[in-house]
Amino acid sequence: MLSGVRKQVHDVIDFHCHPPGWRRTRTAYWRAPSPRDYLRYLRRAGLRGAALLAHDGLHRATPDSNDDLAAFAAEHPDRFFGFGTVYAPHPHAAAEARRCLTDLGLRGIKLHPWLQGVPMHHAGLDAVLAVVAELRGIVLVHDGTPPYATAGQIAAAARRHPTLPVVLGHGGLHDTWREALALTATTPNLYLCLCGTPPYAARTIVRQAPPEKVLFGTDAGLAPGPAQEYAVARVREISDWGVADADRVRILSANPARLLGIDPLPPITAEEAGDHDH
Ligand SMILES: [Zn+2]
């Protein structure tokens, strides 16, 4: 079913995924996928790697939510790139960000100003952003839901930390995508991930944004089960964007690899994913 998609999308690194919210779902209605299940999902969707962003931690940013995420990502360290989270007003937030990027081997920090109730100008946030910049990590911020998490608020934080790559996690969604596009073009360290961005906006963004500043993501991991039709549908959409082939390779593969500081990833093999049926 997906063979055509695999051919179209090259070596895709999905820059916006979530591991299963396993602390919250362990006793809930669906069985959380294992790291191997998740790798199999990536393989079947034609993906090669995934930025795995905090999930449980967005609701309750505790160190053990970061421990869980790091343990999940460490099962397939060449494929999963973990992003922890912190609650910026907490006095230990910067220290926890440092622990994430050093002891836990995570690649960055995900922030969700709206769910976490922390505006991008909160005094505690600059110490966190400074630590991530110092350790050459990445900050990905949920965006597109005013009044918190507008592209303008996030771009202002990015400008205070010009060496820190800051990613708009949703390309502005419906409400702020024009602002997201304009600010990505004018803020050197601001990037834009197309994830949940409405297709009409995504088409304009890929035509007008600097091609080296655009990433692609699916929000995979939020739906029950690892083989998520929603995420697969997002992968399919890529071919409808009408973007030149060279730019598509940048968005799907070269840009995420450059930000993560990795070489292009080889395909996930059936053996690696324990995928004996496909
Ligand atoms: Zn998300």
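Both counts, for ligands and for their atoms, begin at 1 and track the order of listing.
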How is the N/O/S atom of His16 that comes nearest to the Zn ion (ligand 1) named?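 Per the distance ranking, His16 contributes NE2 as its closest N/O/S atom to the Zn ion (ligand 1).
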
Taking just the N, O or S atoms of Asp219, which one is nearest to the Zn ion (ligand 1)?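 Nearest to the Zn ion (ligand 1) within Asp219's N, O and S set: OD1.
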
The Zn ion (ligand 1) reached by His18 (N, O or S, under 2.8 Å):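 A backbone or side-chain N, O or S atom of His18 is under 2.8 Å from the Zn ion (ligand 1).
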
Taking backbone and side chain together, does Cys17 place any N/O/S atom at a distance below 2.8 Å from the Zn ion (ligand 1)?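 False for Cys17.
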
Hey, what else clusters with Val118 if you join Ile, Leu, Val, Met, Phe, Trp, Tyr whenever side-chain heavy atoms sit under 4.5 Å?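 Its cluster partners, ordered by chain and number, are Tyr87.
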
Do the side chains of Val206 and Asp247 get nearer than 4.5 Å, heavy atoms only?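 Heavy-atom side-chain distance check fails, nothing below 4.5 Å.
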
So if I apply the side chain to side chain donor-acceptor pair (under 3.5 Å) rule between Thr85 and each of His55, Gln116, Glu96, which one comes out positive?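 It is Gln116; the other options fail the test.
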
Within a reach of under 6.0 Å around CZ of Arg258, are more than 12 heavy atoms found that belong to other residues, nucleotides or ligands?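 Enclosed.
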
